[in-house]
Structures are given as C-alpha cells and as structure tokens.
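Some notes on the structure that comes next.
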Amino acid sequence: MTETLPTRAADLPAQWNPGEVEVGMYERWVEAGYFEADPTSGRPPYCIVIPPPNVTGSLHYGHAMDHTLIDILTRRKRMQGYDALWLPGMDHAGIATQSVVERQLAENGEPSRREMGRAAFVERVWQWKAESGGLILSQMKRLGDGVDWTRERFTLDEGLSRAVVTMFKRMFDDGLIYRAERMVNWSPALQSAISDIEVDHKEVEGELVSMRYGDGEDSIVVATTRVETMLGDTAVAVHPEDERYSHLVGKEIVLPIVGRRIPIIADEHVDPEFGTGAVKVTPAHDPNDFEIGRRHDLPMPTILDESGVVTGTGTRFDGMDRFVAREAIKEELRRQGRIVKEVRPYKHSVGHDSRTGVVIEPRLSLQWFVKVESLAKRCAEAVRSGETVIYPREMEARFFQWVESMHDWCISRQLWWGHRIPVWYGPNGEVVCVGPDEEPPSGEGWVQDEDVLDTWFSSGLFPFSTLGWPDDTLDLRTYYPNSVLVTGYDILFFWVVRMMMFGTYATGKSPFAHVYLHGLVRDEHGAKMSKSKGNVKDPLELIDAYGADALRFTIARGSNPGADMSLSEDWVAGSRAFGTKLWNATRFALSKGASPTLPLPKRPTDADAWILGRLREVAAETDALLDEYQFAKAAEGLYHFTWDEFCSWYVELSKAQLADEATAEGTRAVLGHVLDTILRLLHPMMPFITEALWQALTGGESVVIAEWPKEPGAPVDEGATQRMADLQRLVTEIRRFRSEQRVPDNRRIAAKLIGLDEAGLGGHRNAIASLVRLTEPGPEFSTTATLEVVLSTGRVHVEIDTSGAIDVEAERTRLNRDLAAAQKELAQAEKKLGSEAFLAKAPAEIVEKIRARHAAALAEIERINSRLAALPK
RNA sequence: GGGCGCGUAGCUCAGCGGGAGAGCACUCGGCUUACAACCGAGCGGUCGCAGGUUCGAACCCUGCCGCGCCCA
C-alpha cells in the first residue's frame with residue numbers, strides 16, 4: 001500500500017510524486033467500483049469496447065495513444081452522467097502465441113509441438129497464458145485505463161468461443177462460408193495460409209529472366225522473376241489478337257527440364273505489351289495463372305511443399321529450397337542455351353509475411369473462406385447512410401476503396417491454437433457443420449477439420465460477443481451498438497471492417513455509431529519507430545520517469561484526427577511541468593484558503609469577472625472540441641487557459657485582491673471555483689494529479705465520479721474583459737521597458753502612472769504596481785524616462801525614475817522597432833483603403849476594421865516619433 | 001499505375017479566404033513570500049515553386065518539385 005492521499009490542504013506535499021501515488025490511487029478507483037458499468041442504472045449508456053490487444057503483447061505507443069484517447073472519452077462521459085463502459089479484453093493471437101510457445105519448447109529442449117500432440121500442446125499454451133500472458137493488462141493499469149475489469153473477456157473464453165461457433169454455423173448455413181481449393185498467401189515460415197492484409201508488399205530488386213521454351217520454329221520466349229516455378233508450368237499463354245503468336249496457338253511445345261508437352265493457349269488477360277507478350281502459366285503458384293488455368297481447364301500441379309521446398313516434380317531439383325532451386329534451374333537452363341536475357345536488378349513488388357518477413361509463396365490449397373461481397377456492401381451502406389460516422393471524414397475514401405475491392409477472406413489457419421473449425425467430415429464424404437449446442441457426429445470415420453480460425457474471426461466479434469451475444473442479454477441490449485470504436489488508421493481494415501461485417505450480419509446494426517481514427521506515434525523527428533532504427537522507447541519507462549499523466553497529456557496534446565504525432569521526451573517533460581504548475585497553483589490557492597464551496601462574489605472585480613467569463617468560454621470550447629474528437633485542440637486550450645491566463649494573470653492579480661479585505665473572500669471563492677473546474681476538465685486527460693488536487697481542494701470523494709462542469713464561471717463581461725486586456729497590455733509594455741533598460745527584475749523602481757482613471761484602470765493601480773514591481777514616487781522622484789501606452793480607451797503616461805541615466809540607445813532601438821511595425825501596418829491599411837475595388841466590394845465591417853487599424857497606426861507613429869524626438873542625443 | 005495526405009519559425013506541429021501562431025530550442029534579466037520541472041522580456045518566417053480565381057490567398061483552383069501512406 002502506498003502512502004495515503006492528502007485530503008486537507010496542509011497535507012499537500014510540496015511536490016507531486018506520481019511514482020509513489022499512482023498505483024495505489026488506481027487500485028482504490030477499481031476497489032470503489034467507479035469503472036463498473038450498470039445497465040440498470042437508468043443512465044444513458046456510453047460504451048467503448050477495447051480493440052483487443054494480443055495476449056502476447058506489451059504496451060507500445062500505439063496502445064498508449066489508443067487507450068489514452070478512449071479513457072479521455074469514457075471518463076468524461078462518466079462525469080457527464082452516462083453509464084460509461086469501457087470493456088477490456090485480449091485476443092488469443094493464434095500465430096504469435098503458438099510461435100512463442102513453440103520457441104520456448106525448443107529453447108528448453110522439450111518435445112516439439114508435433115511430438116507432444118495437439119491436446120498436450122494446447123494445454124501447454126494455456127499454461128503459458130496463465131504464467132506469462134496478458135502483461136499488457138497490468139500495463140494498462142499503469143496508464144490509468146478506467147476499464148470495467150468485471151467484464152474482461154478473452155477471445156478463447158467459453159462465451160466468446162460459443163459466439164464464434166454460432167457465427168460460423170450461421171454463416172455456413174447461409175452459404176457465406178465455403179471451403180475451396182484456392183490460391184492463398186502461404187507463409188513457408190508459419191506453414192500456414194494467411195489473409196491478404198497480413199501480407200506486406202515491398203519493392204525488391206530481383207531479376208527478370210527470359211527463357212526459351214520449345215525448339216526451332218515452335219519455340220517461344222517467356223519471362224519470369226521466379227524461375228523455379230517453371231517446373232509447375234502447364235501452358236504458355238498469349239493474347240488472342242497477338243499476330244506474332246497466332247500461328248502457335250493450339251500447338252504444344254516441350255517444357256524444358258521436365259519434358260512435359262504443354263499447350264500454347266490464347267487468353268485475353270495476357271498483356272501483349274509486357275515482355276515478349278507470352279507468359280508462362282503456373283496455375284498452382286500464381287494467382288493470375290490460377291485464373292487462366294481455371295478458364296482453360298489446365299492441370300495444376302503443386303511443386304512446392306508447405307515449407308517452400310521443391311517436391312514431386314520428378315526432377316533432380318526435388319528437395320531443394322525454392323531459392324536454391326531458382327539458381328540451380330537457371331544454371332541448367334543456361335547450360336541448355338535457353339536463357340535469352342537477364343534483367344538485373346529488376347524492381348518489382350513481392351509479398352512478405354508481415355509477421356515473419358519471409359517471402360509469401362502463392363499456393364493452391366484447400367481452405368475455408370468468407371464470401372465478403374454482400375457483407376462488405378452492407379458495411380459501405382452503413383457508412384454511406386451515416387449509421388456509422390468515420391472521424392476524420394477524409395478517411396472515408398480509404399474505407400470505401402477497401403470495402404469495394406475486397407477479396408474473399410481466407411479464415412482457416414494451419415495452427416492448433418485457436419478456435420477449431422466446427423466442421424466434421426464423414427466416411428462417405430459427408431460435411432457437417434456443428435453448432436454450439438449440437439453433438440458432433442460420432443462413429444467410425446468421422447473426423448473434425450484440423451484447422452483453426454483466423455484470430456480475426458473471433459476478435460471481429462468483440463463489439464457484441466463480449467456483451468453476451470448470441471444470448472439476448474441486458475448488456476447487449478444496453479451497450480450495442482457501441483458508441484465509438486477508437487483505433488489507428490493503419491488498422492482500419494483489420495478491425496473496423498471486420499467488426500462491421502460481423503456486426504451488421506449478426507444483429508442487423510452496425511456495431512458502432514462513430515469510428516475515430518487516430519494517427520501513429522512517431523519519434524521526435526517524425527520517423528516511424530522501429531526496432532532496427534533503435535528509436536523505440538518503452539512507454540513504461542516514460543511513465544516511470546514522468547508519471548502517467550505526463551505521457552497521457554502529451555499524447556492528447558499531440559493527437560490531431562488522422563494525423564501522426566511526434567513524441568519526444570522533451571514533450572513529456574513539458575507535460576510534467578504543466579502538472580507541476582497545476583500542483584503549485586493549487587497549493588497556493590489552498591494556502592490562501594481558497595474553496596469552491598464559498599459563494600462567488602456578488603460584486604466581482606474586473607479580474608474575477610474576466611477569469612470567470614473565460615472559464616465559461618473555455619469549458620464550452622473544450623466540450624465542443626471533445627465532441628468532435630479534437631483532442632489536441634482541447635488539450636491545448638486547457639493548457640493555455642490554465643497556465644497563461646489563470647496562473648500568469650489571475651493568480652498574480654489575486655495576490656493584491658487577497659491583501660484587500662474587501663475583495664479577499666470573493667477571491668478565495670473565485671480561485672476555488674476556477675481550480676475546481678480546471679481540475680474536472682483536465683481529469684480525463686490527467687486522471688492522477690487531478691484526483692490528488694481535487695480531493696485536497698474540495699474534500700470530495702473522487703473527481704472520477706465528480707460532475708462534469710456545465711456552464712461554470714459566469715457570462716462574459718465585456719467591460720471587464722476589455723479592462724483586463726488593457727491592463728495586460730500596460731503591464732507588458734512596462735515590463736518590456738524594464739527589460740530593455742536592463743533594470744534587474746529584483747529591483748523596484750518608482751513610477752507615476754498618469755491617465756489610469758481615464759483609461760478605466762483607476763482601480764488597478766495596486767495590481768499594476770505589484771505586477772511590474774513599482775514603488776510609489778517619493779519626494780525626490782525625478783523622471784528619467786517616460787512611456788506612453790495606447791489602450792482601448794485612452795493613453796497612459798508612465799513616468800519612471802530609473803535612478804540614473806537610461807540607456808538611450810536601447811530605448812531608440814526599441815522605439816525604432818515599434819515604429820517599423822507601425823509603418824508596415826499603416827502601409828498595409830493604406831493600400832487597402834486606397835483601392836476603390838476594396839471599398840466597393842469588401843464587407844462593411846472589414847472596411848471599418850481596416851479604417852480603425854489605419855487610425856491606430858497613424859496615432860502610434862505620431863507617438864513614437866515624438867518620443868524619439870524627445871530622446872537626448 | 002490508381003487513390004489519399006503532407007510540405008508554415010532551428011525542431012515538432014496548429015491555422016485553411018480579411019492583422020503569420022503554439023510548444024520545445026535559442027538570447028538576455030531574475031531563486032520577486034505557489035512554482036528554477038519556475039518567472040519576466042526578446043530573437044526568429046519571400047507560409048515548397050510557378051501560374052490562376054478574388055477587392056483581398058498560407059488558406060480556393062491548375063501545374064510542377066519533394067515527402068509519406070494505402071491499394072494494385
């Protein structure tokens with residue numbers, strides 16, 4: 001147990017120590033049940049289901065961003081009175097998990113997967129999960145994720161497995177799932193099929209080899225980047241209208257090395273412009289060739305085994321790895337004088353297994369598929385009709401492009417860890433799909449399909465399987481459709497489309513009202529983080545060093561919709577500094593007796609009225625921005641208000657007000673009210689520090705369950721706002737003078753402020769003196785410098801006794817700089833006002849604005865010139 | 001090849017039709033009774049290039065150059 005939280009002002013330590021407090025604070029939130037949703041509460045529901053992380057995974061920046069944003073959304077909704085549910089869970093990550101355990105077996109010298117058999121191996125994986133899986137869950141706690149742990153789910157748990165079988169059975173019965181021998185992306189490393197989106201296409205420098213098939217008159221030259229596939233060729237194809245080859249179509253030639261006679265066929269899909277216009281056809285190892293093979297009823301011999309080794313060709317190349325065979329066959333062809341041309345390097349795109357990086361081998365094999373056409377169409381409709389809105393809108397184009405060109409989804413994996421396909425094959429060729437409550441057929445000769453389903457088949461059900469589907473549960477009725485799915489645009493297709501396909505199919509409704517797509521976290525120079533670049537830092541390290549709030553606020557502040565963000569340690573340090581600022585401001589306020597329970601002053605000072613008006617504006621802006629998922633702007637707005645307005649001006653002004661009995665009590669109330677509101681507004685972004693401060697300030701139970709501010713502060717007071725702007729202008733001008741005259745900041749100087757009353761700032765004399773460290777002019781006061789500051793309602797003369805000669809050159813430089821700025825301003829305004837077209841066509845209010853600027857610039861120039869003239873030589 | 005997006009201060013990014021902004025970095029002055037993880041002041045930009053539309057363009061349109069991503 002960590003130290004108890006301060007609940008009274010006096011207990012607030014001088015420094016915020018996140019490392020000592022955060023973990024215990026999080027535990028208390030969970031114990032108090034703040035994050036538990038209650039569908040019987042009668043509150044409007046708000047639900048976000050986690051995009052399930054892998055059971056093998058650990059927290060990286062993608063998660064950190066995703067979770068921070070989700071947590072901001074749900075914590076705010078909870079405060080707004082919603083029954084907010086953020087449902088956590090993980091997926092079983094078929095390939096990744098199986099690989100981890102297999103590697104472990106090998107390292108320990110234990111029996112291999114195949115040696116121990118399926119049941120024992122699966123048992124072993126469960127054991128691994130119990131011991132080492134789910135590290136990310138504890139890391140989520142460090143980040144402060146306000147998830148409902150009572151509803152945590154796992155794709156392989158009983159309920160979700162039931163959902164998977166139910167879905168499979170329904171789709172199977174509806175003819176949306178079928179088994180067929182098709183060309184799939186085969187990973188020789190995984191020895192499994194993988195889906196299209198698990199393949200990365202990369203430009204590689206290979207070679208294009210042209211070789212001659214047949215001899216003499218009846219020979220033809222074809223080109224390929226994969227020479228070894230020639231062993232599986234069953235035809236050569238040319239375009240039907242290609243006159244160069246029309247005399248050959250229908251004839252047969254001899255396939256070198258193999259000796260097989262193969263036909264020359266005409267097919268419209270051959271591009272006569274590419275290479276020689278003739279292509280070799282390997283139907284079992286190339287998607288295009290497979291289509292040609294189907295159209296022409298060609299044999300489809302498989303010449304590579306599961307691991308990419310040449311097999312069954314009856315040549316001496318059997319047993320060679322595909323890349324070894326490539327070179328060996330090329331040598332043989334060269335020996336035979338059949339190599340016509342070699343283009344090297346030849347840049348072309350090659351599919352790689354995104355997990356292992358090995359080159360994908362297109363391979364004909366018997367697999368299960370989901371027929372996506374109607375499902376994808378329904379997804380597109382959901383977005384087109386507004387049933388689901390994608391934020392930011394620009395991402396819609398990408399979405400449509402994807403769903404409209406989607407291929408059938410290969411869902412079978414040659415693995416053991418996962419949901420085994422619920423199909424049994426009978427002794428006489430029967431195929432039976434067994435639903436969740438049905439008994440599989442038993443008896444001699446019945447066997448279950450060996451394969452498991454793609455992990456996405458189960459994680460794609462997450463928006464509703466986690467809520468109890470297929471049962472009609474209260475959770476499902478309450479929280480489905482989910483409010484929003486939050487994820488990175490890079491995995492738009494992984495989650496979003498699949499969840500939508502399943503959701504619309506199973507329930508008739510799209511699974512979420514909104515989809516918010518955030519960008520990727522990059523390093524401080526905008527480069528993608530990668531292990532090979534060495535620019536990846538563990539988010540947990542940053543949390544340890546700066547606190548979770550600092551990392552979260554940095555992410556919020558950098559997260560513009562759909563845009564990547566650069567994250568550097570400097571930024572995180574800056575966010576920590578912001579937390580420190582908030583900490584110190586609250587400490588100050590508490591030390592002065594500030595409290596949000598005090599009544600706001602009936603007769604507020606200008607400063608009070610101004611900050612209360614700004615508070616209301618900022619709260620409204622924050623709401624509008626968060627409703628639009630504009631996290632960066634919301635965070636920036638709160639940062640600026642808290643630091644640059646509240647701390648830099650109001651808190652400073654409050655010092656004078658607190659010293660005056662007439663205003664002290666009101667000031668305590670305003671300080672308390674503004675801080676209370678700031679802490680609530682910031683809580684979703686910085687949950688820990690705001691909790692500590694809010695409890696200290698208010699004595700309340702927890703800011704987690706505090707009410708979200710609704711029209712805090714007061715309506716904007718135009719007069720007070722104007723006077724505060726003037727005051728700030730005046731103060732800044734005097735500070736500037738001091739700075740440029742090299743008056744050390746710690747030295748007080750005597751000054752006379754003339755014209756304050758006329759400028760409406762008469763009541764602020766003490767405040768100004770305190771802000772710029774002025775003293776009352778004594779009897780020996782002698783003006784050594786004067787300033788004139790133009791304000792909205794008049795001019796203020798400042799006569800200063802700098803106790804000595806002023807730096808005339810510095811003053812001249814400063815005035816000249818101001819003069820140049822004013823002259824530029826004047827020139828711009830004159831140019832516009834001199835244009836007939838402008839006066840005739842621009843809106844009246846714009847013309848008026850320019851006129852005012854023109855007048856102001858003229859006055860400024862006049863003022864500066866007289867000051868310059870008055871300067872001693 | 002098709003599609004989307006981006007080039008704004010040294011760095012990272014806002015702004016997307018009417019006075020060029022922020023954070024960090026940098027310079028100068030300060031431990032001023034909440035805060036040196038701080039305070040005050042300042043320096044810094046032909047808004048990628050070239051045309052066009054408009055009274056007016058960083059912002060809209062076209063082309064070009066450079067960069068990134070997705071799909072084929």
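Quick caveat, the model's predicted, so the values are computed rather than measured. Letters go in sequence order (proteins before strands), and every chain restarts at 1.
- The side chain of A:W643 places no N or O atom within less than 4.0 Å of a non-bridging phosphate oxygen (OP1 or OP2) of B:A34.
- Using a 30° and 60° split on the angle between ring planes, A:W16 and A:W583 fall in the tilted class, from 30° to 60°.
- In this structure, A:R773 places its CZ atom 4 Å from C1' of B:U32, rounding to the nearest Å.
- Rounded to whole angstrom, the span from the OH atom of A:Y639 across to the P atom of B:A22 amounts to 12 Å.
- Checked against B:C71, B:C55, B:A14, the side chain of A:N560 finds its nearest nucleotide in B:A14.
- Side-chain proximity of A:R736 to B:G42, B:G23, B:A37: nearest is B:G42.
- Counting to the nearest Å, the P atom of B:G56 and the NZ atom of A:K841 are 8 Å from each other.
- Side-chain atoms of A:L730 and A:D726, non-hydrogen and from C-beta on, never get closer than 4.5 Å to each other.
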Q. Would A:T642 and A:K581 satisfy side chain to side chain contact (heavy atoms under 4.5 Å, CB included), going step by step from the backbone distance to the final call?
A. CA-CA 9 Å; A:T642 302; A:K581 189 73 185 173; 5.8 Å; no

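- At least one side-chain nitrogen or oxygen of A:N746 sits closer than 4.0 Å to the OP1 or OP2 atom of B:C31.
- Using N1 to N3 plus N6-O4 or O6-N4 for Watson-Crick, or N1-O2 and O6-N3 for G-U wobble, each under 3.5 Å, B:U62 pairs with B:A50.
- Which of B:C55, B:G42, B:G23 sits closest to the side chain of A:W571 comes down to B:G23.
- For the pair A:R614 and A:W649, the cation does not sit on the ring face, since its NZ or CZ is not both under 6.0 Å from the ring centre and inside 45° of the axis.
- With distances taken from any side-chain atom of A:K633 to the nucleotides B:G68, B:U32, B:A14, the minimum falls on B:A14.
- The side chain of A:P744 has B:G29 as its nearest neighbour among B:G29, B:A22, B:C13.
- Candidate nucleotides B:C71, B:G40, B:C4 were compared by shortest atom distance to the side chain of A:Q401, and B:C71 ranks first.
- Judged by distance alone, the side chain of A:R226 and the main-chain N or O of A:H285 form a donor-acceptor pair under 3.5 Å.
- Relative to the six-membered ring of A:F588, A:K655 meets both conditions, a distance below 6.0 Å and an angle of at most 45° to the axis.
- Between the side chain of A:R576 and the base of B:A37 there is at least one donor-acceptor pair of N/O atoms closer than 3.5 Å.
- The side chain of A:D644 approaches B:G23 more closely than any other nucleotide in the set B:G23, B:C35, B:G40.
- If you check B:C31 for Watson-Crick or wobble pairing at under 3.5 angstrom, you find it has no partner at all.
- For A:G574 and A:R735, each mapped to the nucleotide of RNA chain B holding its nearest heavy atom, the one lying further toward the 5' end belongs to A:G574.
- Candidate nucleotides B:A34, B:C55, B:A72 were compared by shortest atom distance to the side chain of A:A837, and B:C55 ranks first.
- Evaluated for a ring-ring contact (aromatic ring centres under 6.0 Å, His included) with A:Y516, the options A:Y489, A:F631, A:Y391 yield exactly one hit, A:F631.
- When each of A:R867, A:K824, A:R736 is tested with A:D818 by the rule salt bridge (Lys or Arg N to Asp or Glu O under 4.0 Å), just one qualifies, namely A:R736.
- In this structure, A:R384 satisfies the cation-pi test against A:F400, with its NZ or CZ atom closer than 6.0 Å to the six-membered ring centre and inside 45 degrees of the ring normal.
- One N or O donor and one acceptor, one from the side chain of A:E652 and one from the base of B:A34, sit under 3.5 Å apart.
- The residue A:S566 sits close only to the backbone: its heavy atoms come under 4.0 Å of sugar-phosphate atoms, none of a base.
- Comparing the same atom, P, in B:G23 and in B:C31 gives a spacing of 24 Å after rounding to whole Å.
- Here the P atom of nucleotide B:C24 and the CG atom of A:L567 are 15 Å apart, to the nearest Å.
- The partner of B:A22, taking Watson-Crick or G-U wobble pairs whose two distances both stay under 3.5 Å, is B:U12.
- Identified under the salt bridge (charged side-chain N to carboxylate O under 4.0 Å, His left out) test for residues 625-635 of chain A, with sequence neighbours left out: A:R76-A:D627.
- Contact annotation for A:R557: backbone-only contact, meaning every heavy-atom pair under 4.0 Å involves sugar-phosphate atoms and none involves a base.
- Base contact: A:V651 has a heavy atom under 4.0 Å from a base atom.
- A:S568 comes within contact range of no nucleotide atom at all, as no heavy-atom separation falls under 4.0 Å.
- Under 4.0 angstrom from either OP1 or OP2 of B:A34 there lies at least one side-chain N or O belonging to A:K655.
- B:U8 and B:U27 have their C1' atoms separated by 23 Å, with the value rounded to a whole Å.
- Listed by first and then second residue, the side chain to side chain donor-acceptor pair (under 3.5 Å) pairs that reach into residues 831-844 of chain A come to none, sequence neighbours excluded.
- With B:G23, B:C4, B:C55 as the choices, the nucleotide that has an atom nearest any side-chain atom of A:A842 turns out to be B:C55.
- Residues of residues 813-831 of chain A having a heavy atom closer than 4.0 Å to RNA chain B, listed by number: A:R817, A:E825.
- Across every strand in view, B:C67 sits in a pair with B:G5 that passes the Watson-Crick or G-U test at under 3.5 angstrom.
- Both distances falling under 3.5 Å, in either a Watson-Crick or a G-U wobble arrangement, occur for no nucleotide opposite B:A36.
- Atom-to-atom, CZ of A:R398 to C1' of B:C6 comes out at 12 Å; the value is rounded to the nearest Å.
- On the P atoms, B:A57 is 12 Å away from B:A20, given to the nearest whole Å.
- With rounding to whole Å, A:N17 atom CG is found 14 Å from B:A37 atom P.
- Nucleotide B:G45 forms a pair with no other nucleotide shown, judged by Watson-Crick or G-U wobble geometry with both contacts under 3.5 Å.
- Heavy atoms of A:A589 sit nowhere under 4.0 angstrom from any nucleic acid atom.
- Contacts of A:A840 with the nucleic acid, taken as non-hydrogen atoms under 4.0 Å apart, are absent.
- Contact annotation for A:D490: no contact, since no heavy-atom pair falls under 4.0 Å across all strands.
- A:R748 comes within 4.0 angstrom of no nucleic acid atom, judged by non-hydrogen atoms across all strands.
- Within 4.0 Å (heavy atoms only), A:S648 reaches sugar-phosphate atoms of the nucleic acid but no base atom.
- Contact of A:R853 with B:G19 (side chain to base): a donor-acceptor pair of N or O atoms is detected under 3.5 Å.
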